[in-house]
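Here's the structure we're looking at; comments come further down.
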Amino acid sequence: MEEIKMKCIIVDDEPMLRQHIAEMTEQIDFLDLVETFPSALAATSRLQQGDIDLIFLDINMPYLNGIDFLDSLENPPLCIFITAYSEYALEGFRLQAVDYLLKPIIFQRFYQASTKAYQLFLQRNKPLQESSPNDNMLFVRQGDAFVKISWTDILYAESMQNYTKLHFKERTITIHQTMLALEEALPGNHFFRIHKSYLVNVNHIDIITGGRVYIQDQELPISRTKREELLQNIVFKKLLSR
């Protein structure tokens, strides 16, 4: 079976470092380097195409730093931050970055971070599988307790930085887990990230129109690229033909 590769880009204002990272990507089979960019602004149009899986992103760049850039993206790819300052790790956690690499970057750490990103990538893109009756239960952390829920009853999840709000038909609970952690635990063939703040259970979608998704009369935003992906991968496959 052919290995699935991650399409990645490098965004860094230091030419020598861009070259160094590019050379390291060539040594890793599952990385497919698409392009490198000297600034966040230069990378914007390429990211809008929606096919990039991973970005190696420098934090300290002129005009627009990496943190502000990633925070501005509606549907960001997986991200590995590059920085000379370890204090940025907290911001990286807030933005759910996969990892951060401290300069100077050694190959061992680069490979470790890339592997971590690849595991997340595979989890998100795992083949559709039929779930057994016992697979619909999930434990979530709520305060100091672990609460068992059925993911089939989740209508949608709403990101609240380090917390996530789960919306059910008749209740809402806030769990002490990030959206990324929740997304990894849920079956990818049933849940779809329509926005950086919303993960929806596709089985509960009632209407998709324009830039909105409706679930139980609740209106949620969906980005243009995610709308097309949702239509192609889910809706069109279940559309009644003439």
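In this chain, residues are counted from 1 in sequence order. These values consider heavy atoms only, across backbone and side chains, with no hydrogens, waters or symmetry-generated copies.
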Inspect the contact between Arg212 and Glu219 and indicate whether a charged nitrogen and a carboxylate oxygen are less than 4.0 angstrom apart. yes
Salt-bridge present (Asp99, Arg109; N to O < 4.0 Å): yes
Run the side chain to side chain donor-acceptor pair (under 3.5 Å) test against Arg224 and tell me which residues pass, sequence neighbours left out. none
Nearest-0.5 Å distance, OH of residue Tyr118 to CG of residue Asp29: 9.5 Å
In Å and rounded to the nearest 0.5 Å, what is the CG to SG distance from Asp53 to Cys8? 8.5 Å
Which pairs would a plain distance check flag for residues 21-28, meaning a side-chain donor or acceptor within less than 3.5 Å of a matching protein atom at least two apart in sequence or in another chain?
from  : atom 1 : to    : atom 2 : distance (Å)
Glu23 : OE2    : Gln19 : NE2    : 3.2
Thr25 : OG1    : Ala22 : O      : 2.6

Going by distance alone, is a donor N or O of one side chain under 3.5 Å from an acceptor N or O of the other, for Asn75 and Ser223? yes
Between Asn201 and His190, a side-chain donor and acceptor under 3.5 Å: no
If you look only at pairs with a residue in residues 47-79, which of them pass as a ring-ring contact (aromatic ring centres under 6.0 Å, His included), with sequence neighbours excluded? Phe56-Phe110
Sequence neighbours left out, what pairs pass ring-ring contact (aromatic ring centres under 6.0 Å, His included) with at least one residue falling in residues 196-228? His195-Tyr198
With under 30° as parallel and over 60° as perpendicular, where do the rings of Phe30 and Tyr111 fit, or are they tilted in between? tilted
Where the side chain of Lys196 meets the backbone of Asp71, is there a donor-acceptor pair that is under 3.5 Å apart? yes
Using side chain to side chain contact (heavy atoms under 4.5 Å, CB included) as the criterion, list what pairs up with Glu35, not counting sequence neighbours. Phe37, Arg46
Residues that Arg193 engages under salt bridge (Lys or Arg N to Asp or Glu O under 4.0 Å), provided they are two or more places apart: Glu183
Could you walk me through whether Leu166 and Ile175 pass the side chain to side chain contact (heavy atoms under 4.5 Å, CB included) test, one step at a time? CA-CA 7 Å; Leu166 298 182; Ile175 63 174; 4.1 Å; yes
